[in-house]
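To start, the structure itself, in structure tokens.
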Amino acid sequence: MDDREGSLPFNFADGKVDPGLIAEVYDRQETGLWIFDIDHMRVLWANHKALEITDSETLEELQSRDMGADMSHSVEQRLRQYQTDFTKHDVSFSETWTLYPKGKARVLQVTMSGIRLRDGRMALLCEGRDHQEQQPDTLRSVEALMHTTVMISLFSKDGNPLYRNTASRAARVSLDTSFEEQFVSPNEAQDLLKLIEKERTSRIVVNILTREGTRWHELNMRTCNDSVTGQPVYLVSEIDVTELHETKERAQYLASHDALTGLSNRTYLKERLNQVMQNALDKNLTATLYLVDLDDFKMVNDSMGHAAGDALLQLVAAKLMDLVGPEDIVARLGGDEFLICHLEKPDNNYSDWFGRALLKGFEPHQVIEGKPRHVGLSIGYAHYPDDGSNIDQLMRHADLALYQAKTDPNNKCVRFREKMRRLRDEHLAVKKDLERAIHQNQFVLHFQPITSTRSDRVVAAEALIRWRHPEKGLIAPNEFIPIAEETGLINEIGDWVGRNVASMQTRLKDLDLSIPLSLNVSPRQLSDPLFVSRMQALPIETATDPELISLELTESVLLGDIPHAFETLSALKKTGYRIVIDDFGTGYSNLAYLHNYPIDGIKIDRVFMEDIASGGAIVKLILSLAKALGAQVVAEGVETIDERSWLSRNDCTLYQGFLYSKPVPEDRFISMLQTQVKIAAM
Ligand code: C2E
Ligand code: MG
Ligand code: MG
């Protein structure tokens with residue numbers, strides 16, 4: 001048995017075949033066979049036919065060739081893809097190759113399958129047959145299909161894959177992933193299939209599960225008949241558009257969100273608000289628009305730096321998000337202003353409660369850059385549809401309410417009321433009128449004498465502005481100065497007053513009636529960086545003596561509300577002006593502050609005349625402290641002889657009030673002075 005078997009090339013006993021015989025069998029094949037080690041780009045083994053195909057003298061010569069040298073990147077990638085596919089699946093692939101041994105093209109049909117090497121690596125077993133005549137176009141299209149980065153797949157109607165080109169295979173989690181399984185959201189696959197049934201063709205950008213994770217693919221899909229079976233199939237071509245899509249999304253996000261806080265910005269907000277309002281109408285609800293503004297934000301920015309300001313805004317944004325519901329809109333409108341939109345049942349008290357809940361949320365100290373700080377809010381709100389029929393109107397109305405909340409220390413959450421709009425309208429009308437008044441020179445100065453309590457002689461006067469309105473007649477300053485201050489028109493008006501006081505000064509000098517004149521300067525003027533230089537130029541331009549001009553400032557100067565107040569006052573004083581604190585005692589300042597500023601005089605507010613009637617303890621105190629500081633005192637609003645006598649008895653030498661005279665026009669004032677001179681001469 002052993003003998004007989006030994007003479008045969010087959011060893012039936014252990015199933016082994018003589019390797020030499022096997023080699024001969026392979027060499028006789030009409031199919032070129034070779035094993036390709038893609039990791040080292042070498043042919044490991046080849047049969048005779050393969051040597052001929054590759055035009056190699058010997059196997060050793062073929063084995064020594066570096067196949068990677070001329071291989072394009074895409075071919076290499078494709079081969080590596082096969083290697084991966086073979087590791088996971090028992091499959092084979094057929095391709096048409098054109099080889100150029102010695103420069104002459106040789107077209108082969110190559111079938112590849114995986115073969116595991118002893119060291120465990122996966123190599124490619126290639127079988128190459130001379131290709132039957134093929135149309136060049138067919139050859140090229142087959143080649144193109146292999147090389148393209150477009151993923152092309154063919155699915156049967158039940159979603160099973162029939163064909164995938166190399167790029168498509170490379171992208172799949174598994175080769176037998178069905179059409180639906182590729183989609184992150186199966187619903188999208190269903191919708192697409194439904195659409196295809198109707199339209200036959202479709203294009204979408206959709207989230208696809210790939211070997212690299214979730215990616216955005218643009219899918220072009222259509223139905224056609226399979227060229228092999230003739231059955232209806234889906235032909236899908238896909239490209240990866242993740243980068244483009246994400247860039248677009250990012251750009252869209254940046255355009256619609258505030259970079260600092262991540263909240264919606266103004267642009268995006270309108271879109272969202274429109275939806276909420278529609279919702280409110282549909283469901284019979286009220287949409288409430290809350291405008292939230294930080295108190296003293298500028299101070300945080302100025303005193304703690306911009307980084308702290310940014311941190312504060314981020315903190316507020318996060319806190320507001322915390323305080324509102326998931327359906328509510330929170331947006332940053334710019335600066336320190338935020339918006340919240342909230343849908344609620346039509347109930348008048350709810351919004352107030354909600355606003356107060358926001359305020360309460362900010363009651364505890366917040367920590368900004370490690371430092372605890374109180375963050376104050378002001379809230380104005382308006383209801384849709386009751387307080388406004390569109391977004392713009394609603395925003396304007398909430399803004400009016402906010403304005404009120406900002407100016408009222410006792411009510412920080414205010415609902416819009418119709419009267420606010422009326423007031424604002426009047427305000428705007430006055431502003432327009434005021435602008436015209438400036439251009440048409442409709443202002444006049446009246447002068448009120450400042451008189452000695454002892455002799456009743458006029459020793460000085462205060463210039464007080466009036467507006468000679470073409471229709472409304474003479475308007476008192478209290479009716480337009482606040483609006484002029486708010487709108488900034490006060491700077492122009494203040495200039496006018498300065499020049500006219502100077503020209504009055506010249507007129508008095510020419511008449512030999514020179515006395516000190518005072519004019520009122522509002523805080524807004526004092527904050528204007530150009531104010532000092534203008535006041536420095538005034539005496540030069542008008543040839544007047546600044547020492548004969550007093551500037552009346554309100555107490556706010558002493559309270560630190562005006563930046564660089566000390567420097568400004570010092571510069572004005574250096575120019576020669578006298579500095580006087582007006583309406584003293586009505587603000588929250590105290591006399592001790594006076595000490596820190598270059599002050600020449602104070603005017604005791606007229607409310608203290610009532611104090612005189614009941615003993616005048618406060619006035620006495622002010623007088624003695626002013627004396628200690630060397631400041632001259634004028635009592636304002638003196639209307640009775642008793643008041644004047646009391647002042648005289650208590651060493652207050654100057655007064656101003658209706659007792660002597662109301663403010664009078666320039667000419668009347670001059671004749672008043674002239675009469676006084678005549679009487680003195682008698
Ligand atoms: P003020 O500077 O305290 O001026 C005194 C105000 O008290 C004047 O009112 C004057 O008419 C009034 N008055 C004087 N004596 C008496 C009196 O015995 N009894 C009563 N009840 N009132 C008296 P006026 O002219 O209406 O001015 C009001 C305020 O308008 C001024 O208060 C001042 O703050 C402001 N103002 C007036 N002119 C100007 C100006 O040119 N520029 C600026 N920025 N403000 C001005
Ligand atoms: Mg005054
Ligand atoms: Mg006053």
Side-chain angles (χ1 to χ4, degrees), residues 434 437-438 442-451 453 458 460-468 473-504 516-528 531 534-535 538 549-557 562 577-587 589 599-610 612-613 622 632-644 646-647 654-666 668-669:
L434 262 181
I438 293 171
Q442 293 173 1
F443 298 112
V444 283
L445 285 183
H446 282 190
F447 292 87
Q448 186 177 31
I450 295 171
T451 321
T453 49
V458 178
E462 176 178 9
L464 293 157
I465 195 168
R466 271 95 183 95
W467 177 3
R468 215 191 326 242
L474 210 59
I475 301 179
N478 288 338
E479 284 181 49
F480 65 90
I481 291 290
I483 300 170
E485 281 180 349
E486 211 173 283
T487 53
L489 291 172
I490 191 68
N491 290 322
E492 275 182 79
I493 295 176
D495 260 6
W496 181 90
V497 172
R499 276 182 275 110
N500 281 273
V501 166
S503 84
M504 175 66 162
L517 296 177
S518 65
L519 60 90
N520 293 281
V521 176
S522 77
R524 174 90 186 237
Q525 282 174 274
L526 215 59
S527 311
D528 178 7
F531 179 68
R534 271 197 241 123
M535 291 309 283
L538 184 72
I549 297 179
S550 299
L551 306 180
E552 294 191 7
L553 314 164
T554 50
E555 274 174 299
S556 58
V557 181
I562 292 157
Y577 295 108
R578 291 178 77 251
I579 309 292
V580 173
I581 301 300
D582 202 355
D583 305 339
F584 189 83
T586 51
S589 72
I599 304 285
D600 298 290
I602 60 172
K603 294 178 85 170
I604 303 177
D605 193 80
R606 70 160 183 270
V607 296
F608 293 104
M609 290 308 108
E610 283 168 25
I612 286 179
I622 296 176
Q632 194 181 49
V633 179
V634 176
E636 288 189 280
V638 178
E639 293 182 353
T640 66
I641 295 172
D642 286 349
E643 285 162 1
R644 187 189 58 193
W646 188 97
L647 290 166
L654 299 172
Y655 79 97
Q656 178 180 345
F658 293 171
L659 174 64
Y660 187 86
S661 165
K662 287 193 166 175
V664 293
E666 193 174 308
R668 275 267 319 271
F669 180 66

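Every number for a ligand or one of its atoms is a count from 1 in the order of the listing. Every heavy atom of this structure was used, including side-chain atoms; hydrogens, water molecules and symmetry mates were not.
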>> Would Arg466 count as a contact residue for ligand 1, given that I'm defining contact as a non-hydrogen atom of the residue lying under 4.0 Å from a ligand atom?
In response: yes
> Touching ligand 1 at all, Asp582? Heavy atoms, strictly under 4.0 Å?
Replying inline: yes
Spacing of [atom1] belonging to [X] relative to [atom2] belonging to [Y], to within rounding of 0.5 Å:
| X | Y | atom1 | atom2 | result |
| --- | --- | --- | --- | --- |
| Ile581 | Lys603 | CD1 | NZ | 11.5 Å |
| Ile604 | Thr586 | CD1 | OG1 | 12.0 Å |
| Ile579 | Leu551 | CD1 | CG | 5.0 Å |
| Lys662 | His446 | NZ | NE2 | 12.0 Å |

> What is the total of protein N/O/S atoms that are closer to the Mg ion (ligand 2) than 2.8 Å?
Replying inline: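 If we list every protein N, O or S atom nearer than 2.8 Å to the Mg ion (ligand 2), we get 4.
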> Does atom 9 (O) of ligand 1 have any protein heavy atom closer than 4.0 Å?
Replying inline: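 For atom 9 (O) of ligand 1 the answer is no, since every protein heavy atom stays at 4.0 Å or beyond.
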> Under 4.0 Å from atom 27 (O) of ligand 1, do we find at least one protein heavy atom?
Replying inline: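 Within 4.0 Å: yes, protein heavy atom nearby.
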Any N/O pair [X]/ligand 1 closer than 3.5 Å:
| X | result |
| --- | --- |
| Gly657 | no |
| Asn520 | yes |
| Ala463 | no |
| Glu462 | yes |

>> Nearest non-hydrogen contact with atom 16 (C) of ligand 1 belongs to which option: Tyr655, Phe658, Phe480, Trp496?
In response: Phe658
> Nearest heavy atom to atom 39 (C) of ligand 1: which of Ile465, Val497, Asn478 does it belong to?
Replying inline: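 Considering heavy atoms of Ile465, Val497, Asn478, the nearest to atom 39 (C) of ligand 1 sits in Ile465.
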Which atoms of ligand 1 have any heavy atom of [X] under 4.0 Å away?
| X | answer |
| --- | --- |
| Pro477 | 24 (P), 25 (O), 26 (O), 27 (O), 28 (C), 30 (O), 36 (N), 37 (C) |
| Val638 | 18 (O) |
| Gln448 | 10 (C), 14 (C), 15 (N) |

> Who are the side chain to side chain contact (heavy atoms under 4.5 Å, CB included) partners of Ser550, not counting sequence neighbours?
Replying inline: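 Partners of Ser550 by the side chain to side chain contact (heavy atoms under 4.5 Å, CB included) criterion, ordered by chain and then number, come out as Ser518, Arg578, Val580.
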> Looking at residues at least two apart in the chain, or sitting in another chain, which of them share a side-chain hydrogen bond (donor to acceptor under 3.5 Å, both in side chains) with Tyr655?
Replying inline: Asp456
> Taking atom types as modelled, is there a side-chain donor on Glu462 or Asn520 under 3.5 Å from an acceptor on the other?
Replying inline: yes
All N/O donor-acceptor pairs, side-chain side in residues 479-491, below 3.5 Å, sequence neighbours left out:
from, atom 1, to, atom 2, distance (Å)
Glu485, OE2, Ser522, OG, 3.3
Glu486, OE1, Tyr403, OH, 2.9
Glu486, OE2, Tyr403, OH, 3.4
Glu486, OE2, His427, NE2, 3.1
Thr487, OG1, Ile483, O, 2.7
Thr487, OG1, Ala484, O, 3.3

